[in-house]
Amino acid sequence: MNSALFEPIRLAGLDLANRIVVSPMCQYSADDGCASDWHMTHLGMLANSGAGLVVVEATGVERHGRITHGCTGLYSDHNEAAMSRVIDHGRRIGTAKFAIQIAHAGRKGSALRPWQGGGPLPAMDDPWQTLAPSALPFGPNWHVPREIAIDEIARVRDSFVSAAERAVRVGFDAIEMHFAHGYLLHEFFSPVSNKRNDAYGGSLENRMRFLRETAQAVRAAVPGHIALGARITASDWLDGGVTIEDAVVLAKALKADGLDYLCVSSGGLTAEARNPNAPGYNADLAARIRAEADIPVRVVGLIVDPKQANEIIAQGKADMVALARAMLDNPHWGWLAADVLGAEVARPPQYQRAGPKLWAGRALQL
Ligand SMILES: Cc1cc2nc3c(=O)[nH]c(=O)nc-3n(C[C@H](O)[C@H](O)[C@H](O)COP(=O)(O)O)c2cc1C
């Protein structure tokens with residue numbers, strides 16, 4: 001059986017055993033940005049999911065660049081030490097390589113954890129002044145962000161560099177910048193949220209400027225053997241918002257800036273924006289970016305079934321697939337996919353007796 005999904009792939013100096021990636025997922029379980037015992041369990045578990053790569057959640061480059069008080073950060077020595085503890089553990093016990101997503105939440109920051117209701121932090125919960133390209137809130141009743149000043153743009157760019165340097169010291173195999181889902185850099189890219197009149201607003205070239213300056217500065221700081229990528233948005237799903245044509249232009253520019261891969265996602269810019277609910281809804285957008293910008297592409301969004309994932313790779317729509325909710329539902333999803341597709345996957349020796357060669361029960365389950 002064809003198992004394109006289990007073909008190895010090389011990104012910069014990084015060899016991945018297969019095309020399956022655990023998508024970054026906020027856990028809202030950090031202590032002033034420091035990864036906790038929950039992260040030891042969660043990431044330790046996903047290190048044995050069968051995925052070639054696990055991407056650690058959106059991690060704030062500044063304390064006030066986080067989404068919630070529970071989000072991880074890489075803005076202090078304590079954060080760096082806590083992340084090192086988790087990643088050292090994951091490497092010791094797991095089969096996957098590790099990446100980290102570094103992010104600034106912009107106007108979607110200063111929020112409650114989802115299980116506390118999501119929305120903006122109330123006055124008694126230590127809210128902070130959010131920043132955005134323009135003083136436009138994410139939605140009704142959200143904090144009104146302050147328009148970020150030019151010198152603060154430079155500071156945030158430098159914070160991305162410093163977080164990337166910390167990520168290199170932690171020992172991550174790949175680093176990716178969050179340019180999607182309505183967070184600060186996406187807010188600059190989209191004409192819906194960016195109404196600036198200076199060099200960072202207006203034309204597409206100007207709206208890409210902050211993203212490109214960040215990409216270039218981080219690239220200069222990250223050694224060439226570490227894969228550097230970004231998650232971008234291929235559509236705002238909004239009238240007047242980012243289109244696939246804009247995303248292709250951005251992808252070409254980021255390739256020229258030295259990025260090794262892109263993850264194609266979409267949506268999340270405003271409270272009313274809705275993503276399509278169709279399986280693999282970003283796959284055709286990813287295919288266009290891959291074909292036109294000629295850069296390795298990962299795709300995410302309602303990829304749940306091993307055959308569906310395999311087809312996306314086999315048809316050349318993307319080079320890798322990322323799964324989020326399906327991995328929470330079944331943290332050994334990669335093992336399931338290997339069994340369904342008749343492929344080999346690395347399992348820790350302690351669990352090998354549940355593999356298809358040693359356990360007839362597996363075949364009975366499929
Ligand atoms: C619990 C949870 C946390 C998430 N946190 C992040 C995040 O930190 N960064 C990010 O880019 N996307 C995040 N997402 C979005 C996912 O990475 C993914 O893009 C989205 O869920 C669609 O993929 P899926 O259909 O496989 O779940 C999160 C999703 C979930 C369910």
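Worth knowing before you read on, the calculation uses all heavy atoms, side chains too, and leaves out hydrogens, waters and symmetry mates. For ligands, and for the atoms within them, numbers begin at 1 and follow the listed sequence. These numbers were taken from a predicted model, which means no experiment stands behind them.
Listed for the H69 side chain is a donor-acceptor partner under 3.5 Å among the backbone atoms of D125. In terms of modelled atom types and a separation under 3.5 Å, the side chain of K108 and the main chain of G182 share no donor-acceptor contact. A donor-acceptor pair under 3.5 Å is formed between the side chain of R207 and the backbone N or O of F189. With hydrogens and angles ignored, the 3.5 Å screen pairs a side-chain donor or acceptor of R19 with a backbone N or O of E7.
The residue among M25, R231, E57 with a heavy atom at the shortest distance from atom 2 (C) of ligand 1 is M25. In the candidate list M327, H181, R325, H181 is nearest to atom 15 (C) of ligand 1, counting heavy atoms.
In terms of polar-atom proximity, defined here as any N/O pair under 3.5 Å, A326 makes no such contact with ligand 1. Checking only distances, Y28 never comes within under 3.5 Å of ligand 1, N or O to N or O. The shortest N or O to N or O distance between L328 and ligand 1 is not under 3.5 Å. Checking only distances, Q27 never comes within under 3.5 Å of ligand 1, N or O to N or O.
Atoms of ligand 1 lying under 4.0 Å from any heavy atom of P24, numbered from 1 in the order shown and given with element: 4 (C), 5 (N), 6 (C), 7 (C), 8 (O), 9 (N), 10 (C), 11 (O), 12 (N), 13 (C), 14 (N), 16 (C), 17 (O), 28 (C). Distances below 4.0 Å separate heavy atoms of H178 from the following atoms of ligand 1: 9 (N), 10 (C), 11 (O). Listed by number with element, the atoms of ligand 1 under 4.0 Å from a non-hydrogen atom of G301 are 22 (C), 23 (O), 25 (O). Here is the list of ligand 1 atoms found below 4.0 Å of a heavy atom in V300: 18 (C), 19 (O), 23 (O). Residue L302 has at least one heavy-atom neighbour below 4.0 Å for each of these atoms of ligand 1: 24 (P), 25 (O).
Protein heavy atom closest to atom 26 (O) of ligand 1, with residue, atom name and distance, is A324 N, 2.9 Å. Atom 5 (N) of ligand 1 has as its closest protein heavy atom C26 N, 2.8 Å. Nearest protein heavy-atom contact of atom 17 (O) of ligand 1 is S23 OG, 2.7 Å.
For the residue pair D236/H186, the side-chain donor-acceptor check at 3.5 Å is satisfied. Y75 and E80 are not linked by any side-chain donor-acceptor pair at a separation below 3.5 angstrom, with hydrogens and angles left out of the test.
In this structure, R274 forms no cation-pi arrangement with W237, as its terminal cationic atom is not both closer than 6.0 Å to the ring centre and no more than 45° off the ring axis.
Judged as a ring pair (Phe, Tyr, Trp, His ring centres under 6.0 Å), and not counting sequence neighbours, F6 has no contacts.
When D257, T214, D260 are each tested for a side chain to side chain donor-acceptor pair (under 3.5 Å) with R219, only one passes: D260.
Within the 6.0 Å centre-distance limit, the rings of H178 and Y183 are counted as a close aromatic pair.
When non-hydrogen atoms are compared, ligand 1 lies under 4.0 Å from the side chain of Q101 (C-beta onward) but not from its backbone.
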